[in-house]
There are 2 protein chains.
Amino acid sequence: MRGKRATSYDVAKLAGVSQSAVSRTFSPNKSASKKTRAKVLAAAQELGFVPDPIAKSLSLGRSRLAGLVVTQYAQQNYPVALKSAVDVMTETGDSILLQIVDATDDGDTAIARLLRRRVDVILCAAGVSEAAARTCAEASVPLVLINRRLNFAGVDQVGSNHAMVMRGVAQHLKDTGTRRTVFLDAGEGNWVAAERRRGYVAACAHVGLPEPDILVGDFDYEGGFKAVAQMGDAARNFDAFVAANDPMAIGAIDALTLELGLSIPADVQVIGHDDTAMARLRGYRLTSIRQDMRTILSKAIEMAYGRLEEPQREDADLLIDSTFVPRGSTRD
Amino acid sequence: MRGKRATSYDVAKLAGVSQSAVSRTFSPNKSASKKTRAKVLAAAQELGFVPDPIAKSLSLGRSRLAGLVVTQYAQQNYPVALKSAVDVMTETGDSILLQIVDATDDGDTAIARLLRRRVDVILCAAGVSEAAARTCAEASVPLVLINRRLNFAGVDQVGSNHAMVMRGVAQHLKDTGTRRTVFLDAGEGNWVAAERRRGYVAACAHVGLPEPDILVGDFDYEGGFKAVAQMGDAARNFDAFVAANDPMAIGAIDALTLELGLSIPADVQVIGHDDTAMARLRGYRLTSIRQDMRTILSKAIEMAYGRLEEPQREDADLLIDSTFVPRGSTRD
DNA sequence: TGCATTTTTGCATCCGGATGCAATTTGGAT
DNA sequence: ATCCAAATTGCATCCGGATGCAAAAATGCA
């Protein structure tokens with residue numbers, strides 16, 4: 001095995017058959033007699049032959065690469081997401097090309113890079129312009145949006161069912177005697193936070209809770225802390241804070257307890273989102289919401305490859321249920 | 001641009017030159033006259049031609065793919081690491097194939113997969129057997145170990161200088177009147193924790209602190225909490241807890257304060273590792289150590305590609321300084 | 001056993017760019 | 001203008017597998 005690796009020609013020569021026979025032996029559903037197959041496999045074994053994926057890509061016109069675009073936040077805060085995506089893909093012999101976008105949530109550049117790389121499909125958990133979607137369509141590369149929304153023919157979408165889980169949150173708050181609530185949103189351009197806000201606002205209306213005040217933080221701990229701290233005593237007028245993510249919720253808790261001396265959950269309830277490791281700390285015990293990222297990603301992969309087979313299929317738009325995870329920052 | 005994408009032949013025809021001319025125009029350092037180049041570029045522009053990376057890979061024998069193996073822990077806890085690696089690679093037109101290994105820290109399977117994929121180089125921040133290293137060598141794929149150690153010719157290594165930073169930690173503890181300390185280690189097979197332990201133990205000897213007791217947790221919050229909680233009142237005999245990572249340190253803090261009623265840092269000092277988001281929470285203000293993952297990864301990439309050019313180069317073993325980040329869980 | 005099918009097999013060519021070599025053009029110096 | 005060296009160009013072939021097609025072999029049926 002020193003030096004160069006064996007090619008199908010080497011195997012063919014050793015097995016005394018043609019290169020085509022070798023190729024066919026390694027492709028499923030191709031005609032090859034038992035005898036030939038055995039000879040080829042023996043020779044391949046001896047030479048340590050593995051079909052070259054690059055040559056395969058060239059002749060099949062498939063790179064067996066899937067592009068995945070995520071935000072920096074997602075990369076860090078969904079523990080199993082990336083791993084399960086990689087695992088799912090690995091099983092079929094495909095791999096993931098990762099692109100990470102920062103707070104701007106602009107996936108267009110990432111998509112352009114992935115297309116240049118000739119990925120077979122793109123899963124995008126970042127913002128996407130119509131122009132980018134069109135580019136994908138022109139290249140016949142299926143594009144699946146994750147927790148984002150875009151009305152463009154041929155683009156499938158999967159995401160969390162925020163409306164549904166937020167209804168449970170609002171109901172829970174109402175049942176525990178809450179009246180006035182604050183939603184801790186993130187700044188402009190944070191699509192995910194906005195979706196959660198919309199879900200919560202709608203849920204309040206639905207269960208008969210007053211419309212929440214909207215407070216804008218930075219989608220991180222300091223942002224949540226500062227936003228609430230700056231409210232000063234005005235914060236005392238609210239019974240609950242629902243945050244777009246856990247770090248902001250924890251920031252809110254620190255502001256409420258350390259700055260205002262309020263007690264949680266007796267005086268005020270706090271709810272986060274994403275069920276991160278922080279939420280489990282005994283110092284906080286933050287009630288949170290867990291997205292089913294595993295399912296979301298595996299569905300996204302399924303949809304992407306499904307469309308590769310059947311480009312004209314009707315557009316899909318899947319909503320995956322999230323789970324409410326009650327802990328000590330809310331009352332029963 | 002509907003349908004199939006343009007090839008170098010299409011461009012050649014439109015520009016009225018040979019396909020070789022097109023190829024040469026798109027390869028740096030190849031002879032091509034200004035005139036030809038201009039004609040080709042114009043035609044390419046018109047057809048939206050981009051050289052196919054797959055065909056390129058096949059003829060150049062380079063996939064322009066780098067394998068990166070990380071543990072699940074690393075994937076989540078080094079905020080900028082993955083992103084900066086992806087960015088560094090993207091600049092040169094290369095991409096990263098990610099493999100994530102779980103707590104077993106066994107990178108061999110991941111490496112085998114990457115080799116089958118024909119990556120050009122492999123960066124591995126997980127355990128590697130000699131056999132796997134040999135396989136890489138046979139395939140002429142440079143292997144760079146990150147925060148791991150293996151004595152095998154041709155394998156380069158980069159990692160944090162634990163000995164150095166731990167010396168600072170031990171000195172700081174000594175200067176603040178500490179005598180007996182505990183190192184919160186993780187279980188068998190956690191290479192990173194073990195490296196940090198060795199660094200700390202050596203540092204204690206170096207600065208004249210008593211040899212620390214070793215306590216084994218699970219490398220996570222619950223593990224740290226339980227390990228310290230189970231010590232019971234015995235924990236009161238120690239002046240400081242140095243943990244192999246932040247979650248364990250936070251777990252220790254919760255056990256010390258909530259279970260034993262100790263106060264931090266007055267009664268006992270606690271130090272974590274990795275400077276995660278948790279460490280910055282006002283409820284903990286954990287003193288920690290920050291690895292310079294950005295530098296570590298970019299050096300790893302540099303070394304890997306360097307060796308691709310110069311396979312016989314002397315083995316490198318680089319130590320990157322970590323930073324001590326003092327916060328409220330230690331005294332000045 | 002003989003003839004018609006169905007399988008299996010090998011040949012040749014394709015996928016899309018890179019490159020050694022020889023032919024041709026260009027440029028410089030005289 | 002003339003000759004030589006250097007730069008440019010095109011041709012042909014390679015990278016390693018996949019596959020349509022036609023020839024060859026194996027199988028079925030009478």
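Because only heavy atoms are used, hydrogens play no part in the values below, and waters and symmetry mates are left out as well, while side chains stay in. Note on naming: letters A, B, ... go to the chains in the order of the sequence lines (proteins, then strands), and numbering restarts at 1 for each one.
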Undergrad: Of B/Arg37 and A/Lys30, whose nearest nucleotide on DNA chain D comes first from the 5' end?
TA: B/Arg37
Undergrad: Is it the case that C/dC11 (base atoms only) and A/Ser20 (side chain only) share a donor and an acceptor within less than 3.5 Å, ignoring hydrogens and angles?
TA: yes
Undergrad: Check the distance between D/dG17's C1' and A/Arg62's CZ and give it to me in whole angstrom.
TA: 16 Å
Undergrad: Just call it for B/Phe26: base, sugar-phosphate, or nothing, with non-hydrogen atoms closer than 4.0 Å on any strand.
TA: nothing
Undergrad: Taking atom C1' of D/dA18 as reference, at what distance in whole Å does atom CD1 of A/Ile54 sit?
TA: 16 Å
Undergrad: In whole angstrom, what separates A/Lys13's NZ from C/dC11's C1'?
TA: 18 Å
Undergrad: Looking at A/Asp105 and A/Ala126, would you say the former's side chain and the latter's main chain have a donor-acceptor pair under 3.5 Å?
TA: no
Undergrad: So what does B/Ser23 hit on the nucleic acid, given a heavy-atom distance under 4.0 Å: a base, only sugar-phosphate, or nothing?
TA: base
Undergrad: In whole Å, what is the span from the CZ atom of A/Arg118 to the P atom of C/dG16?
TA: 8 Å
Undergrad: Are OP1 or OP2 of D/dG17 and a side-chain N or O of A/Ser8 less than 4.0 angstrom apart?
TA: yes
Undergrad: Does B/Thr7 reach a base, just sugar-phosphate, or nothing at all? Heavy atoms under 4.0 Å.
TA: sugar-phosphate
Undergrad: Is the shortest side-chain N to carboxylate O distance from A/Glu130 to A/Arg134 below 4.0 Å?
TA: yes
Undergrad: Hey, does the side-chain of B/Arg24 have a donor or acceptor N/O within less than 3.5 Å of a partner on the base of C/dG17?
TA: no
Undergrad: Any idea which of D/dA18, C/dG16, C/dT19 is nearest the A/Lys56 side chain?
TA: D/dA18
Undergrad: Could you check how far CD of B/Gln19 sits from C1' of C/dC15, rounded to whole Å?
TA: 12 Å
Undergrad: Is a side-chain donor or acceptor of A/Asp156 paired with a backbone partner of A/Ala316 at a separation under 3.5 angstrom?
TA: yes
Undergrad: Would you mind classifying the nucleic acid contact of A/Leu58 as base, sugar-phosphate or nothing, using non-hydrogen atoms under 4.0 angstrom?
TA: base
Undergrad: Measure the distance from CG on A/Asp10 to P on D/dC15 and round it to the nearest whole Å.
TA: 10 Å
Undergrad: Taking atom C1' of D/dT19 as reference, at what distance in whole Å does atom CG of A/Leu60 sit?
TA: 10 Å
Undergrad: Determine the interplanar angle of the A/Tyr73 and A/Tyr78 rings, folded into 0 to 90°, and report it as parallel if under 30°, tilted if 30 to 60°, perpendicular if over 60°.
TA: perpendicular
Undergrad: Heavy atoms only, 4.0 Å cut-off, all strands: where does A/Val17 land among base, sugar-phosphate and nothing?
TA: sugar-phosphate
Undergrad: Less than 4.0 Å between a side-chain N and a carboxylate O, is that true for B/Asp317 and B/Arg149?
TA: yes
Undergrad: Rounded to the nearest Å, what distance is computed from the CG atom of residue A/Leu47 to the P atom of nucleotide D/dG17?
TA: 12 Å
